[in-house]
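Notes follow the structure.
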Protein chains: 2
Amino acid sequence: MGRGYGRGQGRGHGWGRQLENSGIRPTAARELVFSVMESTPEHLSAEEVLSEVRKAEPGIGLTTVYRSLELLHRNGLVRKFDFGDGRAVFELNDTLSGKGPHQHLLCRRCGRVQDLTGCLGETLPGSMKECIDREHQFTAEEAVIRIYGLCSDCR
Amino acid sequence: MGRGYGRGQGRGHGWGRQLENSGIRPTAARELVFSVMESTPEHLSAEEVLSEVRKAEPGIGLTTVYRSLELLHRNGLVRKFDFGDGRAVFELNDTLSGKGPHQHLLCRRCGRVQDLTGCLGETLPGSMKECIDREHQFTAEEAVIRIYGLCSDCR
DNA sequence: CTGATAATGAAAATCATTTTCATTTTGTAC
DNA sequence: GTACAAAATGAAAATGATTTTCATTATCAG
Ligand SMILES: [Mn+2]
Ligand SMILES: [Mn+2]
Ligand SMILES: [Zn+2]
Ligand SMILES: [Zn+2]
């Protein structure tokens, strides 16, 4: 029956130019997933994205959410993590969110996940890249860092 | 039938004093799992540990291997990682292996995992702990770092 | 040795993610 | 617009690593 889900407020695609001429179709479902990611500062699981997306369009399936998140992830619009609880979580990439590069602090007691900016939040320092290259003949591109400890509530 | 699996060459438990008076029973299966971990420099999945363990004792079950690895991990004898391929891998803790603290380099192309010592291989520098404490009221205890890039074969 | 308790293994259950496949949308060419 | 081929979707089934269940067996203290 339906004629699709509509496309937000008009004026171009929500996910900007990133995928414009990539041959990837900016479908309504994908734009919804992207807009949920865009408007959420936290880390979301696929199920959580689904329930957000369904507020706007109840017909969307979990499979499509997985596929959309994977698509966005492969194209660098969304980061994907595994914080150790057996499911992936996603968040908007640091450039799009304006947060700047960041890493994560995980509380051992309550499980809270906080963003870490500054300190080790930035990308790998150039000196370390050189060291890794020199000592391991490895071209380091990106570091993913998780720091375990106790959050302010738990210590 | 059987009378247990025997216990190596006698003289005390293979896994040292770590679990001596902990109430945890040093069973033959656990000692076998531990000895496999002790004698393997690489990262092993549970299935891989199983097949090693079964060379000495074919009757051992995968369930017991999972339980033993988890036990060793909870007690700090074994590290546990997820390198992103949907299964956990284990390795002897850095003190027991004599390797010293290390992190991991993951090749984006071929998937090779290399140990990283030196550079960022060490534990979090004290200055960073202080920074994290100051700016996030978070007591950092341990950093887990994965660095993605291209290995010597692939670049 | 005996009994109480913990450990084991086979099979079943979980559960997040992926695959399959019939149906629906999209982008493009009339 | 209309027609078509290609891509996307969703429901249901399949996957696959890990966990749970439960009857049996091993371990330890007395
Ligand atoms: Mn984050
Ligand atoms: Mn290692
Ligand atoms: Zn906490
Ligand atoms: Zn490689």
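Everything quoted here is computed from the prediction, not taken from an experiment. The chains referred to below are lettered A, B, ... by the order of the sequence lines, with proteins before strands, and numbering in each begins at 1.
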task = Give the ring-plane orientation class for A:His43 versus A:His102, where under 30° counts as parallel, over 60° as perpendicular and anything between as tilted.
result =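 A:His43 vs A:His102 ring planes: tilted.
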
task = Fit a plane to each ring of A:Phe81 and A:Phe83, take the angle between them on a 0 to 90° scale, and name the class: parallel (under 30°), tilted (30 to 60°) or perpendicular (over 60°).
result = parallel

message = If we count only N and O atoms by modelled type, under 3.5 Å, do the side chains of B:Arg108 and A:Thr139 hold a donor and an acceptor together?
response = no

key: Main-chain N/O of A:Thr95 paired to A:Asn93 side chain as donor or acceptor, under 3.5 Å   = yes

key: A:Arg54 (side chain) donor-acceptor with A:Ile60 (main chain) under 3.5 angstrom   = yes

Report, one pair per line, the protein and nucleotides 5-8 of chain D atoms (nitrogen or oxygen only) whose separation is under 3.5 Å.
residue	atom	partner	partner atom	Å
D:dA7	O4'	A:Arg25	NH1	3.0
D:dA7	O4'	A:Arg25	NH2	3.4
D:dA8	OP1	A:Arg30	NH1	2.8
D:dA8	OP1	A:Arg30	NH2	2.9
D:dA8	O5'	A:Arg30	NH2	3.4

key: Spacing of B:Leu32 atom CG relative to C:dA7 atom C1', expressed in whole Å   =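 In whole Å, C:dA7 C1' lies 14 Å from B:Leu32 CG.
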
message = In whole Å, I'd like the distance from the CD atom of A:Glu31 to the P atom of C:dT26.
response =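 Roughly 11 Å, once rounded to whole Å.
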
ask   = Would the SG atoms of A:Cys107 and A:Cys154 measure under 2.5 Å apart?
value = no

query = Are A:Glu70 and A:Arg67 ion-paired here, with the side-chain N under 4.0 Å from a carboxylate O?
reply = no

request  = Return the set of residues passing salt bridge (charged side-chain N to carboxylate O under 4.0 Å, His left out) with A:Arg79 (not counting sequence neighbours), or none when no residue passes.
outcome  = A:Glu91, A:Asp94

request  = Assign a letter to each nucleotide of nucleotides 12-23 of chain C from its 5' end: B, base within under 4.0 Å of a protein heavy atom; S, sugar-phosphate only; -, no contact.
outcome  = ----SSBBB---

